[in-house]
Number of protein chains: 2
Amino acid sequence: MKKDINIKEVAKKAGVSIATVSRVFNNSGTVKESTRKKIEAVIEETGYYPNVLARELAEKKTHLIGLIVHSMIGEGIPRMINGVNEMLEDNDYNLLIACTNGILESEIKHFEIFRSKRVEGILFATREFKEEHRDLIQKIPIPVVVLLQRTDKEGISFVTFDNYTFAKEATEKLIGLGHRNFAFIGGPATSVNSRERQLGFRDGLKENGIELDTNLSRNGDFTIESGYQQMEEILAIEKEITAVIAVNDGMAIGALNCIQDHDIAVPNDISVLGLDDTVLAKASRLKLSGVHYSYSKLGKQGAGLLLKQIESDEALFEEVVLPYEIHLRESVNKR
Amino acid sequence: MKKDINIKEVAKKAGVSIATVSRVFNNSGTVKESTRKKIEAVIEETGYYPNVLARELAEKKTHLIGLIVHSMIGEGIPRMINGVNEMLEDNDYNLLIACTNGILESEIKHFEIFRSKRVEGILFATREFKEEHRDLIQKIPIPVVVLLQRTDKEGISFVTFDNYTFAKEATEKLIGLGHRNFAFIGGPATSVNSRERQLGFRDGLKENGIELDTNLSRNGDFTIESGYQQMEEILAIEKEITAVIAVNDGMAIGALNCIQDHDIAVPNDISVLGLDDTVLAKASRLKLSGVHYSYSKLGKQGAGLLLKQIESDEALFEEVVLPYEIHLRESVNKR
DNA sequence: TTGTAAGCGTTATCAG
DNA sequence: CTGATAACGCTTACAA
């Protein structure tokens, strides 16, 4: 453990001015080879590290991006962070992270902290994009890109998945296979992503002239257990259904287990599909069908968009909706 | 979007000196109520935010912690980050994150970046703690705490799980249930955590006078598929085994599926246990047995330890090994 | 209670 | 090619 040394001391030891040392460190300006060597020797010897804080203050650039997420738990967000990280790494930015548990005050607080830390841009993921968020972002003089959520065209950029469309398309795919009697297991009513998927599901049915008993469209809490329980209740109401769609893999797996525990065959009697594609889909013996989309790409693109905004002078506004793939596997059958 | 304003302009607008503005913002020194009000009004009106960079430069404190991890993927590390985050949040520190994919050069690079960014401490998680890491950490004049790995008592603090002991104890638990014929599915040879667990397993057998065909102790790559494949090979070698232990849940699930696909009964013919306890353990219809330990607590304690080191003047050295619980569920049976 | 001025460790401009 | 020196925006003695 040795104390940090500063540019002044290096300059003194090398018998030059601090300006010259700075030039050597940044390869800027011109320095005679012999003095460069001398200075480099001193740097080596002292283990000198420039104080980036001071540099950033002088340059008014921090090379810092702030990421605010509502949760770290689950497969998606960590992958998204990974994508963000990759993009930032390639562009020599560093990543400041805050996790808010979806609490509005905490979100606001971190916007302010990040702003005062002079981050050059903010990536923001929340469970539900509210008016308060819009106001906040529009007041802040630094670029913001919203992840995993639409911002309703208020001039705030976002990158997200098209929940509505893939849910609808997946539903129609099952209809195409001959299914007519559906049940749906959604997430909590507060989840925008879940609501969008549910809407896609309903419109998919409606446009194909299929009616849905609203009792068969239910809300769980994303866990395996709640999928099991909701399925239990669905079976109590109506045994004639031939397809169950769950908003995520966990609940789909729960439903699958429940169905099998009732000695009902999957997929012969009931097909199961999750609007998701996590490691869980691969865990069950009977491979679960689902919709695949890349969180890592989302993170990467979101970060890319943000960097573009930082570099550009005018405020640009872009909305990106990422593609998906529907994978029908063993858990789904033709009727 | 409005431009950032600085303390000087606020002072001018309020007709006071910058020192007074600074006092108001930091509640330091004494300010007359009337001038405080006046200044607060100007702050409100201008939306002034202090430039934390400048403050940090003056104070020589950044309130920044760096976290270097080898990966974001999987259930453990995100939970650990969550724990770190909680502790830092409570103490008004911010979190800078870097993900290295376990590449040594990247690890070194981020130690340097973090150091030049003047983080006050570093949390470090890597797949294998090497001599290079030790050298690096001992040269750096800021506190470091290693996570998820021992540092071999070199005066470098760490907090980790006791892989060896829980693997051994889990093995002995199965022996206590009457099992004598074991197979083991480990991770890649490069994973220290996997090696430690494997050692615990072997010693558990050895101390109980049970011999192990080394062909039955295998290496996968942590995925469900590789668990399946290794189990396939185990069954080809020896059908008489009564218990399989896998180093993680994923491979345990793979093994479980493989066994069932061979129409061998779990747990009646073969018991299965994973040295892990992720969401996967709850996904299979037949609840998987495993060892539970809290990544979130590990993160929290690691961060706590680091903060303690930052506050203390002398370099303290502490090693923390966290507790675990062995959960025997449906996948394990008495012989 | 308030203001002046000296840092904090850099970068960058401008002479020399 | 190199050295003074003025920023950068803030904190904090020290004076008044």
Side-chain angles (χ1 to χ4, degrees), chain A residues 2-40 42-43 46-64 112-113 115-120 141-142, chain B residues 2-40 42-43 46-64 112-113 115-120 141-142:
Chain A
K2 43 185 162 181
K3 183 109 177 8
D4 276 329
I5 224 165
N6 63 21
I7 198 173
K8 217 189 256 170
E9 302 181 46
V10 174
K12 199 187 321 173
K13 284 209 189 214
V16 296
S17 76
I18 60 169
T20 310
V21 177
S22 175
R23 282 186 198 107
V24 169
F25 225 91
N26 299 294
N27 284 318
S28 65
T30 45
V31 182
K32 190 164 49 167
E33 197 49 33
S34 63
T35 64
R36 150 166 274 123
K37 281 263 187 295
K38 196 166 53 183
I39 292 169
E40 274 168 353
V42 176
I43 287 173
T46 56
Y48 165 68
Y49 266 76
N51 183 326
V52 172
L53 245 47
R55 172 186 298 174
E56 289 171 346
L57 181 60
E59 283 182 340
K60 289 168 160 269
K61 275 199 141 254
T62 57
H63 279 254
L64 220 51
E112 302 195 335
I113 292 177
R115 187 177 160 197
S116 68
K117 284 249 177 214
R118 264 36 185 190
V119 301
E120 297 183 26
I142 48 180
Chain B
K2 41 187 165 183
K3 181 114 179 4
D4 276 330
I5 221 166
N6 64 22
I7 199 172
K8 217 188 257 171
E9 304 181 47
V10 174
K12 201 188 321 173
K13 283 209 189 215
V16 297
S17 76
I18 60 168
T20 310
V21 177
S22 173
R23 283 184 197 109
V24 169
F25 224 91
N26 299 295
N27 284 318
S28 64
T30 45
V31 183
K32 192 164 49 168
E33 198 49 32
S34 64
T35 63
R36 150 167 274 124
K37 281 264 188 296
K38 196 166 52 182
I39 292 170
E40 275 168 354
V42 176
I43 288 175
T46 56
Y48 166 67
Y49 266 74
N51 184 326
V52 173
L53 245 49
R55 173 187 296 174
E56 289 172 348
L57 180 61
E59 281 182 339
K60 289 167 158 268
K61 275 200 141 250
T62 57
H63 279 256
L64 220 50
E112 301 194 337
I113 292 178
R115 187 179 160 194
S116 68
K117 284 249 177 215
R118 263 36 184 190
V119 301
E120 297 184 26
I142 49 180

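Note that these values count all heavy atoms, side chains included, but never hydrogens, waters or copies made by symmetry. Here is the naming used below: chain letters follow the sequence lines, and residue numbers restart at 1 for every chain.
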[X] [atom1] to [N] [atom2], straight-line distance once rounded to whole Å:
X        : N      : atom1 : atom2 : value
A:Phe25  : C:dT10 : CZ    : P     : 9 Å
A:Lys117 : D:dC10 : NZ    : C1'   : 14 Å
B:Asn27  : C:dT1  : CG    : P     : 14 Å

Does a side-chain N or O of [X] approach OP1 or OP2 of [N] to a distance below 4.0 Å, or not?
X       : N      : answer
B:Thr35 : C:dT2  : yes
B:Tyr49 : D:dC10 : no
A:Ser17 : D:dT2  : no
A:Ser22 : C:dT11 : yes
B:Thr20 : C:dT2  : no

- [ ] For B:Ser22, enumerate each residue passing the side chain to side chain donor-acceptor pair (under 3.5 Å) test, keeping only those at least two apart in sequence or located in another chain.
- [x]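 Side chain to side chain donor-acceptor pair (under 3.5 Å) check on B:Ser22 returns B:Asn26.
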Which nucleotide wins on minimum distance to the side chain of A:Thr30, given the candidates C:dT1, D:dC1, C:dT10?
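Side chain of A:Thr30 sits closest to D:dC1.
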key: Counterpart residues, salt bridge (Lys or Arg N to Asp or Glu O under 4.0 Å), relative to A:Lys117 (two or more places apart)   =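 In terms of salt bridge (Lys or Arg N to Asp or Glu O under 4.0 Å), with neighbours along the sequence ignored, A:Lys117 is linked to B:Glu56.
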Original post:
Who pairs with B:Lys8 by salt bridge (Lys or Arg N to Asp or Glu O under 4.0 Å), at least two apart in sequence or on another chain?
Top reply: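 Salt bridge (Lys or Arg N to Asp or Glu O under 4.0 Å) check on B:Lys8 returns nothing, list empty.
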State, with a plain yes or no, whether a side-chain heavy atom of A:Ser116 is found less than 4.5 Å away from one of B:Arg55.
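Not in contact.
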For A:Val52, report the nucleic acid contact type (base, sugar-phosphate, nothing); a contact means any heavy atom under 4.0 Å.
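Result for A:Val52 = nothing.
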From A:Ile5 CD1 over to A:Tyr48 OH, what is the distance, rounded to the nearest 0.5 angstrom?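 Separation between the atoms: 10.0 Å.
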Can you pull the salt bridge (charged side-chain N to carboxylate O under 4.0 Å, His left out) pairs that have at least one residue in residues 30-39 of chain B, sequence neighbours excluded?
->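 Found B:Glu33-B:Lys37, B:Arg36-B:Glu40.
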Which angle, to the nearest 10 degrees, lies between the helix axes at the two ends of the helix from C:dT1-D:dA16 to C:dG16-D:dC1, each defined by five pairs?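 Answer rounded to 10°: the end axes differ by 40°.
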Identify all pairs in which a protein N or O lies below 3.5 Å from an N or O of nucleotides 5-8 of chain D, and state each distance.
unit_1, atom_1, unit_2, atom_2, d
D:dC8, O2, A:Ala58, N, 3.4

Tell me whether the side-chain N or O atoms of B:Arg23 pair up with the base of C:dG3 as donor and acceptor below 3.5 Å, since no angle test is needed here.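 Yes, a donor-acceptor pair under 3.5 Å.
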